[in-house]
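Each chain gets a letter, A, B and so on, in the order the sequences are listed, and its residues count up from 1.
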Amino acid sequence: MELWFNNKHTENVNFSIAVEEQLYHGKSEYQIIDFFKSYEFGIFLALDGDIMVTEKDEFIYHDMIVHVPMATNPEIRNVLVIGGGDGGTVRELSRYETIEKIDMVEIDEKVVRLSQKFLPLTASKFDDDRVNLYFEDGVSFVAGLKELYDLIIVDSTDPYGPGEGLFSKAFYENCYNGLSEDGILVNQHESPYYEDDAKEMKKSHQKIKKTFPISKVYQFHMPTYPSGHWLFGFASKKYDPEFADLEEWSKFNIDTKYYNTRIHKASFALPTYVEDMLNEV
Amino acid sequence: MAKTTLDQNTTPLYAALQEHIDKRVIPFDVPGHKQGAGNGELLKLFPKSVLEADVNSMKPLDFLCNPVSVIKKAEDLMAEAYFADESFFIVNGTTQAVQAMIMSAVSDGDKIILPRNVHKSAINALILCGGTPHYMYPYFEKKFGMSSGVSLENVKKAIEEAPDAKAILLINPTYYGIVSELEAIIKYAHHMGLLVLVDEAHGAHFPFHEELPPSANKLGADISAVSIHKTGGSLTQSSALLLNTDRISRDYVKTVLNLTQSTSASYLLMASLDLTRKFLITEGRGKLTEVLNLVRDARNRINEIDGLIAFSASDFNDKGCFGFDETKLGVNVTGIGFTGIHVYDLLRDEYNIQVEMGESHNILAIFSVGDTPRRVNQLVSALNAIATRYRSEPLDMTFKSFNSTEALISPRKAFYSPKKRFLINESIDMISGEFVMIYPPGIPILAPGERITEEIVNYIELLKSEKGAISGLEDSEANYINCIEEQ
């Protein structure tokens with residue numbers, strides 16, 4: 001018997017993974033949640049039919065969303081994660097002993113609880129003493145924030161469905177207001193390749209550029225995401241990630257599989273067509 | 001669901017339409033797009049199911065100009081849902097419903113009492129039928145720059161001033177959700193021999209939740225115009241006219257309606273009325289409970305933002321406010337240094353959020369059965385962002401409202417009088433021959449036949465400088481106004 005999970009990357013492009021076993025299928029208040037065991041990618045999580053995280057390539061995503069801002073400012077103490085229900089971002093952050101507090105705001109508690117059950121590889125550090133979980137809409141959490149964070153990471157789904165508000169201008173502005181004077185915002189920034197993803201990428205960049213004095217975009221290779229070419233946004237009040245002293249980071253002695261300080265610098269060098277798109281907005 | 005005599009789970013008009021579609025009747029009638037086959041461009045926007053439902057009247061689907069079968073059945077169900085004796089489906093917008101209501105009650109030379117903050121459609125009806133307005137001036141909420149509701153006292157005074165008036169028109173509720181002293185007024189007006197007409201454009205959801213104000217027909221109004229498409233959720237332009245037939249005849253109203261009603265009534269609109277009525281009466285209460293919870297939470301959170309006031313009943317003087325529709329979320333924004341018009345534009349252009357209206361002092365967001373918690377979070381989040389990012393000194397609004405002025409000649413006479421064009425800022429003390437308003441709300445700042453004052457001219461200049469969408473004037477740039485040559 002052959003069982004294939006199919007993820008539509010565009011109306012006309014399919015991405016299929018042979019499935020060994022379906023571990024879970026259910027619906028939360030916000031989305032349809034599936035966990036599969038696959039031959040090639042190990043266990044993976046899909047939300048509303050889109051692959052979010054697989055055991056095989058999650059390290060790429062989580063390395064790049066955490067270590068790039070941490071290497072840019074090793075003094076980061078207070079971190080806010082919006083989304084990130086699979087736990088991979090919190091896991092990477094928890095490796096820094098210097099971080100004092102990690103608040104995570106995830107709208108869908110079910111994703112967290114199910115990830116703890118089926119994806120312990122990523123959901124392993126929710127019980128760290130520094131981690132505080134809030135199950136609510138990140139849009140509201142950051143509106144009128146009284147306390148300031150050094151780093152906000154937006155580890156969200158796509159800009160439709162539950163993640164819509166995490167791509168809004170008001171959200172970015174409220175993040176700006178909730179950051180300390182040397183604060184950094186890193187966000188899931190879609191992809192430049194397929195037309196629909198590229199539109200969202202441009203819209204997102206336009207909004208962030210208007211809000212932060214420094215706004216850059218960096219890339220990484222994500223085999224299970226549409227086109228495999230994916231981006232994060234790096235917005236900052238003070239630190240420029242391309243001119244940071246990265247030597248400090250090496251002192252943390254953190255083993256990584258994807259991130260290194262050479263990739264850090266290189267990831268901000270973008271293909272010409274991507275540069276052109278970003279310059280357009 | 002309230003107890004009903006008819007089976008409110010049925011949708012006779014929609015069922016007949018679906019049966020017609022399923023039969024795949026070959027169309028050699030209009031509309032000419034022939035279910036989209038004639039013009040593929042239409043199919044890009046409208047799915048095939050929409051174009052298949054866009055049909056013309058025929059015996060199995062009844063005729064709106066004289067409904068006897070499936071339309072009449074659907075209208076009877078609508079009437080029952082709204083506690084009325086009879087109803088008419090309207091496809092030309094609530095504007096037509098308001099006009100038919102007024103034209104059914106007054107004719108050439110008759111007087112009608114109405115609050116000055118009526119929608120322009122009411123005054124337009126008087127141009128068409130020749131009725132004369134006798135205005136009531138509702139209590140004015142200075143802090144919020146808006147007219148409030150009408151008290152029994154206002155009505156008693158108006159009837160004393162115009163004892164020959166044949167009818168009275170009331171608004172239930174105002175755009176911002178304020179309710180007049182309706183029950184007492186209806187009783188008194190009937191006692192004095194007046195017909196009671198109600199513009200219920202913003203109250204389509206009232207009968208379906210006990211924590212909302214009562215609907216006019218339930219309180220005994222003779223006729224009311226209800227924008228089902230506004231807060232009820234049917235398609236834009238679909239509406240209903242509801243009658244209690246003790247004092248007014250269905251047949252006469254039907255004849256009046258047919259003066260201005262399209263003979264090609266849209267089945268998309270009518271079917272949406274049928275489906276929406278069923279939805280409201282079967283599921284409306286539960287949905288409206290959710291809506292009320294959402295809007296109460298939003299009010300509380302907006303009121304925590306320094307400088308913004310999400311107002312509700314307790315903010316209004318009891319001289320004009322006798323009830324309040326909480327689903328209308330009006331927010332006074334002058335405390336953060338902006339007019340409502342400015343914030344209305346900022347929300348759309350910068351934050352991708354379209355609210356219903358922006359006026360001098362306030363913005364208005366409408367909550368209805370389609371809202372979700374996350375969308376509401378985005379609205380509150382955007383107001384938070386605006387208040388933080390753009391805040392400046394609170395605006396001094398003392399000069400930014402106006403009082404309506406006396407009507408010197410009837411709207412009809414003013415409309416047909418010879419006129420001369422003047423620059424607006426040189427027209428002070430003249431009699432206006434035109435409407436001036438911004439839309440929304442479509443409430444005239446000036447109506448034909450009214451005296452132009454300096455205050456009104458200043459107000460119009462303010463609206464222009466804030467880029468409010470001024471309409472009503474012949475001059476599309478709103479620099480000139482046609483004034484009546486006084487004899």
Side-chain angles (χ1 to χ4, degrees), chain A residues 11 28-31 48 82-83 105-109 134-148 152 154 156-179 185 199-200 202-204 206-213 237 281, chain B residues 43-44 47 286-287 290 293-310 329 331 333 335-336 338 342-355 363 365 367 370-392:
Chain A
E11 271 307 300
S28 72
E29 198 185 327
Y30 306 98
Q31 53 210 338
D48 286 335
I82 308 280
V105 181
E106 162 65 55
I107 198 166
D108 198 344
E109 181 173 5
Y134 299 89
F135 297 109
E136 57 183 280
D137 188 351
V139 167
S140 296
F141 190 90
V142 299
L145 266 183
K146 294 286 180 288
E147 80 160 293
L148 298 181
I152 298 178
V154 187
S156 72
T157 54
D158 293 317
Y160 32 85
E164 185 188 46
L166 304 181
F167 288 80
S168 68
K169 184 152 180 277
F171 174 73
Y172 295 134
E173 287 181 11
N174 287 327
C175 282
Y176 180 93
N177 298 330
L179 282 167
L185 172 79
K199 262 189 207 161
E200 298 300 339
K202 282 193 271 187
K203 273 201 288 193
S204 186
Q206 186 179 36
K207 292 171 196 165
I208 295 173
K209 203 164 104 180
K210 273 191 187 170
T211 311
F212 285 83
K237 291 188 179 180
V281 303
Chain B
L43 280 165
K44 280 190 193 161
K287 287 276 179 193
E290 288 172 29
N293 288 337
L294 278 180
V295 77
R296 283 167 187 164
D297 177 50
R299 257 200 180 83
N300 290 338
R301 286 194 280 156
I302 292 168
N303 277 328
E304 282 169 19
I305 303 172
D306 186 29
L308 300 183
I309 306 167
L329 179 64
V331 182
V333 297
I336 59 167
F338 285 123
H342 189 90
V343 173
Y344 169 86
D345 283 341
L346 262 182
L347 277 171
R348 185 193 50 248
D349 297 339
E350 295 291 323
Y351 297 93
N352 215 28
I353 293 174
Q354 177 68 32
V355 291
I363 56 162
F367 278 53
D371 290 312
T372 63
R374 273 169 286 136
R375 290 272 164 95
V376 175
N377 288 346
Q378 287 208 54
L379 173 66
V380 179
S381 150
L383 289 173
N384 234 309
I386 289 174
T388 310
R389 181 168 177 158
Y390 300 98
R391 176 189 302 278
S392 58

Smallest separation among heavy atoms of [X] and [Y], with atom names:
X: B/A385; Y: A/E173; answer: CB-OE1, 3.4 Å
X: A/P162; Y: B/R374; answer: CA-NH1, 3.0 Å
X: A/A170; Y: B/A382; answer: CB-CA, 3.4 Å
X: A/S140; Y: B/R301; answer: OG-NH1, 3.1 Å
X: B/S381; Y: A/A143; answer: CA-CB, 4.0 Å

State whether the number of non-hydrogen atoms from other residues, nucleotides or ligands found under 6.0 Å of [X] atom [atom1] is greater than 12.
X: B/R348; atom1: CZ; value: yes
X: A/N177; atom1: CG; value: yes
X: B/Q354; atom1: CD; value: yes

For the pair A/D137 (side chain) and B/N377 (backbone), establish whether a donor and an acceptor sit closer than 3.5 Å, ignoring hydrogens and angles. no
Chain B contact via A/K207 - which portion, at a heavy-atom distance below 4.5 Å: neither
Distance in Å, B/T372 OG1 paired with A/Y30 OH, rounded so as to fall on 0.5 Å steps: 10.5 Å
Rounding to 0.5 Å, atoms NZ (A/K169) and CG (B/D349) come to a distance of 10.0 Å
Chain A contact via B/R389 - which portion, at a heavy-atom distance below 4.5 Å: side chain
